[in-house]
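Atoms within a ligand are numbered from 1 in the order they appear, just like the ligands themselves.
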Amino acid sequence: HTDAETDGDAVATLRTPIVAVLGHVDHGKTTLLDRIRGSTVTDGEAGAITQHIGATAVPLETVSELAGSLVDPTDFDLPGLLFIDTPGHHSFSTLRSRGGALADIAVLVVDVNDGFQPQTIEAIDILQRTETPFVVAANKIDTVPGWNPQGDVPIQESYDAQSDRARETLDERLYELIGELADHDFSADMYWRVQNFANNVGVVPTSAETGEGVPDVLTVLMGLSQRYLKDAMAIDVEGPGAGTVLEVKDQKGFGTAIDVVLYDGTVRADDTVVVGSTGEPIVTDVRALLQPRPLAEIRTEKRFEQVDAVSAAAGLKIAAPDLDDAMAGAPVRVVRDRSREEVVQEVQEELAAIGVTTEEE
Ligand code: GDP
């Protein structure tokens, strides 16, 4: 982690931006996530992609390795990207954090053949409303007639290897897509032509199936994060943890547990946490913090390992008593060094902001 100066004396750490993948059904969201998860340096090596609960972490080293000459890792000081594993705008809009959307940045996947569809439009409206920076993955370029697939390479390399005919067909489809983005008030262009990403959306031709252009998507996400999210990513990593519940489910040997994406601070195995629920916020003591075992150790019978502490941004499982009424989408807050009343009130206010009123009101 890199340290950055903040206003006061406190030293902030830059956390990993949280990325969501959105788009119309069947346009390739899941395949893209699978491809990103698969495009890994061997697990256990430095810079390997790691599986979190509900999320996948792609370190900067991996982005730079995949992207080759596209990325000079010294241009970046954010540590990488954390992809939420559940794609779709439903999860995007129900998963909130203090400031708004839980995801800091997004990939909008659009099938180049199919163009804008109802869920594409819904997704783009949500991105606009939440002012979330995003990149468009113009997906399934390998289905262009005559396309000659190239594998996990940057798009320019693949593009150069195509026939004139295939290139022209792709260009036509990409310009149609850029036109559709314009119809929805987004000035867009091929990402390599975009000078100012604050005013223009970058379009990246991809094939989630073959991997072409996937390094470019990762690169643009890193670049956008670095440019527009750096201040927001500066956190007091030692501070009390804050996160959002992804799921509530039974964990063998631990009772009911919550899957959480942590976007601020640290949660420790001896912390008290406040969790939003269908009724009053739950105040409970952590019994165990669980994370998936590294792939290298997956042969042991237990899929999860108990850890002492987890810092943002990360996905983890929190086992604690009384979590039965915890609610997906609700806030989770560590109490540490504060009064629990204060934290309960914080959680209640946040639930109210997302349209849930607790029994007390
Ligand atoms: P989702 O509903 O957006 O998550 O879409 P999926 O990832 O499930 O993809 C829908 C279908 O399109 C699956 O059969 C995928 O194999 C296929 N698909 C996804 N991406 C590509 C691609 O880049 N090229 C091709 N040829 N097929 C793709």
Visitor: Measure up the Phe134 and Phe186 rings against each other and bin them: parallel (under 30°), tilted (30 to 60°), perpendicular (over 60°).
Guide: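 If you compare the ring of Phe134 with that of Phe186, the planes turn out perpendicular.
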Visitor: Can you tell me which residues line ligand 1 if we count any heavy atom under 4.0 angstrom from one of its atoms, in chain and number order?
Guide: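 Residues His24, Val25, Asp26, His27, Gly28, Lys29, Thr30, Thr31, Asn139, Lys140, Asp142, Thr143, Ser207, Ala208, Glu209 each place a heavy atom under 4.0 Å from ligand 1, listed by chain and number.
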Visitor: Look at Asp77 together with Lys230 and state whether they make a salt bridge at an N to O cut-off of under 4.0 Å.
Guide: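 Looking at Lys230 together with Asp77, the answer is yes, because their closest N to O distance falls below 4.0 Å.
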Visitor: Quick one: is the NZ or CZ of Arg15 closer than 6.0 Å to the six-membered ring centre of Tyr263, and within 45° of its axis?
Guide: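 Verdict for Tyr263: no cation-pi partner in Arg15.
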Visitor: Which atom names give the shortest non-hydrogen contact between Ala312 and Val237, and what distance separates them?
Guide: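 The pair with the smallest heavy-atom distance is O-CG2, 4.3 Å.
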Visitor: Using the salt bridge (charged side-chain N to carboxylate O under 4.0 Å, His left out) criterion, which residues pair with Glu247? Sequence neighbours excluded.
Guide: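 Partners of Glu247 by the salt bridge (charged side-chain N to carboxylate O under 4.0 Å, His left out) criterion, ordered by chain and then number, come out as Lys249.
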Visitor: His27 side chain to Asp111 main-chain N or O, any donor-acceptor pair under 3.5 Å?
Guide: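 Pair found, side chain donor or acceptor close to backbone of Asp111.
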